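Just so we're clear, the structure is a prediction, and the values are computed from it rather than from any experiment. Convention: sequence-line order gives letters A, B, ...; per-chain numbering from 1.
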Amino acid sequence: MVRVRFAPSPTGMLHVGSLRSGLYNYLFARHLGGTCILRIEDTDQTRYVEGAEQNIFEMFRWTGIEFDEGPHVGGPHGPYRQSERTDIYRVHAQMLLDRGTAYYAFDTAEELDRMRERQKAAGVAPKYDRTSMRNQFTLGEEETRRLIDSGTPWTIRLFVPLTGETRTSDLVRGESVFPNKTIDDQILLKSDGYPTYHLANIVDDHLMEITHVIRGEEWLPSLPKHVILYDAFGWEKPQFAHLPLLLGPTRKKLSKRDGDVSVAEYLQKGYLPEALVNFVALLGWNPTADREIFTVEEMIAMFELEKVNKAGAIFDLEKLNWMNGMYLRQMPIERLAGDVLPILARAGFGNVEMIYAEAVVDLIKERITTLNDIPTFADYMFGPIRCIDFAYAQKHWKAGTQEQVAEMAGRFARLNPAEWTVSMIEGVVRGYAEELGLSAGKLIHPLRLAITGRQVGAGMFETMVVLGQGTSITRLREFTGPAV
RNA sequence: GCUCCCAUCGACUAGUGGUUAGGUCGCCACCCUUUCACGGUGGUAGCACGGGUUCGAAUCCCGUUGGGAGUACCA
């Protein structure tokens, strides 16, 4: 039985890269009928951000990705918050101490800084120097005991052999070999009693019976440390799969500098969760080259780690926008209208009827990229015209136009309410155009101008139907040409 | 600097020795048309470079170059 985990640290809003990692874990587990767990890695007291954990839960709920075990749902391997497991890590650190694969160190931050400066000056790679720093080996057992008993702050470091090499294996990248002399004696237990990622992660993955570790490529360089740790404990290793990074436009790891990187921002901007998930899924994984749009169910059915790419992928907003538009057009209208009411309210259009919102969304959904575009794209559907496209007005509002518009308003008024349909309105306009010997466009543009104030919009007759007979006629009668 | 990873159109990718190197986004043109979109059609553009291996390399090997990640008592 396959068990995977998504293990974010609550240090900020959930990142789109994290969303993808979580998604891949979820797809992988569901594909194989396994279990996907959520573990909160909150071992850094200094970076803890209030509300971050809540944001993780909320964003995954928004995207529909569910975890089988986690702090929010419980499970047989809890607690799922590392800050609640500190005793476990301490016991395991002691196990390593007993086996001689870890040791006490007493160096202060300043001493370590000086060590790195010396190494840098000497042109050597920065790495903890076991032979010259203050630790169990240089101080001796007795002094070590005395320091600990006297309350001197201490840490526990991983003992990495100076010779030999460590081999790693990765499902997407294959085998790699790391010279042991380049691997640092990583701190496992910090002086504040909390574990570092490396210890907590290995211990929890083992205790939680994780079979596959699927995580970002930024962890690849520390994989040998993890391999050494598993061996030090004498534990069987899970399989590893390091995912290609999500990149910004400059090909560097996607970060805040590159714009919106948190899932919450895309929610706020009116993107549909289905579109975001679909988009992010295809960054680094491709089930088949002839399709772009997939439901989560389809992705689950097709997901394979073997099809995950090695190279990083740029997060391209243009394609996300296109994809969101695709989803917008195929989404059930009721669902969209429900989402759009709060957006309208925020834009100052309160008291909009659900049925009316549905009609407007249906009218313009082909022309917008996100739901947030609605209040600005079609403000005239929710209140009086706010602005007039002057160039458009100049082009289509000529001498005599006023009278033609008035005539059409009169004819529209003669339609009974049941006749307020696209075909009837169109009939009136085209009929009148024929009488005048004009192309219909000569009349439609003035109509559009008087009713919407701008050039770009949905079909004119459809717009008038949604807007209603009374409002349409009123606008035609009250419009007296572009203000000068 | 050191360690590791990576390399197909501008972007996301298909391709696992023999293809006119395919698809999608973007861009351009045309069609549809009351505008803008949608939709349809066509087009633009790519195997980083150099050596091998092979009858034959985008595909395999080596090197170069380029890019990235890591190098914390952060994850």
- Message: If I pick the P atom on B/U54 and the same atom on B/U13, what distance separates them, to the nearest angstrom?
- Response: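 Their P atoms lie roughly 35 Å apart.
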
- Task: Could you verify whether a donor N or O on one side chain and an acceptor N or O on the other, from A/Y327 and A/N278, lie under 3.5 Å apart?
- Result: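 Short answer, yes.
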
- Under 3.5 Å donor-acceptor pair, A/K319 side-chain atoms to B/U24 base atoms: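 Such a pair exists between side chain and base.
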
- Message: Tell me whether the side-chain N/O atoms of A/R291 come closer than 4.0 Å to OP1 or OP2 in B/C12.
- Response: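 So the side-chain polar atoms of A/R291 never come under 4.0 Å of the phosphate oxygens OP1 or OP2 of B/C12.
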
- Establish, with yes or no, whether the OP1 or OP2 oxygen of B/U71 is under 4.0 angstrom from a side-chain nitrogen or oxygen of A/T182.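 No.
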
- Query: Which nucleotide, B/G68, B/C38, B/C73, lies nearest any side-chain atom of A/L112?
  - Reply: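 So the nucleotide nearest the side chain must be B/C73.
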
- Message: Tell me whether the rings of A/F60 and A/F67 are parallel (<30°), tilted (30 to 60°) or perpendicular (>60°).
- Response: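 Rings of A/F60 and A/F67: perpendicular, as their planes differ by over 60°.
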
- Expressed as a whole number of Å, how far does the P atom of B/A14 sit from that of B/U33?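 Approximately 40 Å lies between the P atom of B/A14 and that of B/U33.
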
- Span that lies between the C1' atom of B/A57 and that of B/G50, in whole angstrom: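 It works out to 15 Å between them.
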
- Message: Roughly how many Å apart are B/C49 and B/U59, using the P atom of each and rounding to a whole number?
- Response: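 Rounded to whole Å, the distance is 10 Å.
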
- Query: Roughly how far apart, to the nearest Å, are B/U24 and B/A72 at atom P?
  - Reply: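 One P to the other, the span is 46 Å.
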
- Item | B/A7 OP1/OP2 closer than 4.0 Å to side-chain N/O of A/R251 |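 Checking B/A7 against A/R251, no side-chain N or O comes under 4.0 Å of OP1 or OP2.
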
- Indicate whether the side chain of A/Q136 and that of A/T144 have a donor and an acceptor atom separated by less than 3.5 Å.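 No, A/T144 and A/Q136 have no side-chain donor paired with an acceptor closer than 3.5 Å.
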
- Are OP1 or OP2 of B/G15 and a side-chain N or O of A/K307 less than 4.0 angstrom apart?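 For A/K307, the contact criterion (side-chain N or O under 4.0 Å from OP1 or OP2 of B/G15) is met.
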
- Record whether the side chain of A/T155 comes under 3.5 Å of the base of B/C73 through a donor-acceptor pair of N or O atoms.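 Such a pair does not exist between side chain and base.
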
- Message: Are the side chains of A/F412 and A/V429 in contact, using a 4.5 Å heavy-atom criterion?
- Response: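 Result yes, sub-4.5 Å side-chain heavy-atom pair found.
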
- Watson-Crick/G-U partner (both atom distances under 3.5 Å) of B/G39: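 Across any shown strand, B/G39 pairs with B/C31.
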
- Task: Determine: side-chain N/O of A/N286 to OP1/OP2 of B/U24, distance under 4.0 Å, yes or no.
- Result: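 Negative; the distance criterion is not met.
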
- Message: Can you tell me if A/K237 has over 12 outside heavy atoms packed within less than 6.0 Å of its NZ?
- Response: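 More than 12 within 6.0 Å, yes.
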
- Task: Report, as yes or no, whether the 6.0 Å neighbourhood of atom CD on A/E50 holds more than 12 heavy atoms from other residues, nucleotides or ligands.
- Result: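 It does not: A/E50 CD has 12 such atoms or fewer within range.
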
- Phosphate contact (B/C74 OP1 or OP2) by A/K190 side-chain N/O below 4.0 Å: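 It does, given that an N or O in the side chain of A/K190 lies less than 4.0 Å from OP1 or OP2 of B/C74.
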
- Query: Any side-chain N or O of A/R116 less than 4.0 Å from the OP1 or OP2 oxygen of B/A72?
  - Reply: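 Yes, such a contact exists.
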
- Query: Contacts to RNA chain B from residues 156-172 of chain A, heavy-atom cutoff under 4.0 Å, which residues?
  - Reply: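 Under 4.0 Å from RNA chain B: A/R157.
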
- Length of the CZ-C1' vector between A/R448 and B/U33, whole Å: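 Going from A/R448 (CZ) to B/U33 (C1'), I get 11 Å.
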
- Among the nucleotides B/C25, B/C5, B/A11, which one has an atom lying closest to any side-chain atom of A/L220?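 In terms of side-chain proximity for A/L220, the closest of B/C25, B/C5, B/A11 is B/C5.
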
- Just checking A/K253: base, sugar-phosphate only, or nothing, at a heavy-atom cut-off of under 4.0 Å?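 Since only primed, P, OP1 and OP2 atoms lie under 4.0 Å of A/K253, the category is sugar-phosphate.
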
- Would you check, one step at a time, whether the test side-chain contact (heavy atoms from CB on, under 4.5 Å) holds for A/M460 with A/I451? CA-CA 9 Å; A/M460 197 58 245; A/I451 287 172; 3.9 Å; yes

- For A/M326 and B/A37, what is the distance between atoms CE and P respectively, to the nearest whole Å?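 One finds 17 Å between P of B/A37 and CE of A/M326, rounded.
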
- Within-4.5 Å side-chain heavy-atom neighbours: A/Y432 and A/Q404: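 The answer is yes, as the side chains (C-beta and beyond) meet within the 4.5 Å cut-off.
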
- Rounded to whole angstroms, how far apart are CD on A/Q186 and P on B/C73?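 It is 7 Å, rounded to the nearest whole Å.
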
- Task: For B/G46 versus B/A11, give the span between their C1' atoms, rounded off to a whole number of Å.
- Result: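 My reading of the C1' atoms in B/G46 and B/A11 gives 12 Å.
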
- Check whether any side-chain N or O of A/K310 sits under 4.0 Å from OP1 or OP2 of B/C5, and answer yes or no.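 For A/K310, the contact criterion (side-chain N or O under 4.0 Å from OP1 or OP2 of B/C5) is not met.
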
- Quote, to the nearest angstrom, the P distance that separates B/G51 from B/U3.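 The same atom, P, in both gives a distance of 28 Å.
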
- Item | P spacing across the pair B/C28 / B/C36, given as an integer number of angstrom |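 Per the computed distance, 13 Å lies between those P atoms.
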
- Separation of A/R47 atom CZ from B/A72 atom P, in whole Å?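 Whole-Å distance recorded here is 14 Å.
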
- If you check the A/A289 side chain, which of B/G22, B/G1, B/U35 turns out closest?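 Given the options B/G22, B/G1, B/U35, the side chain of A/A289 is closest to B/G22.
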
- How would you label the contact of A/K252 with the nucleic acid (heavy atoms, under 4.0 Å): base, sugar-phosphate, or nothing?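 Since only primed, P, OP1 and OP2 atoms lie under 4.0 Å of A/K252, the category is sugar-phosphate.
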
- Message: Under 6.0 Å between ring centres: does that hold for A/H226 and A/Y230?
- Response: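 No; A/Y230 has its ring centre 6.0 Å or more from that of A/H226.
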
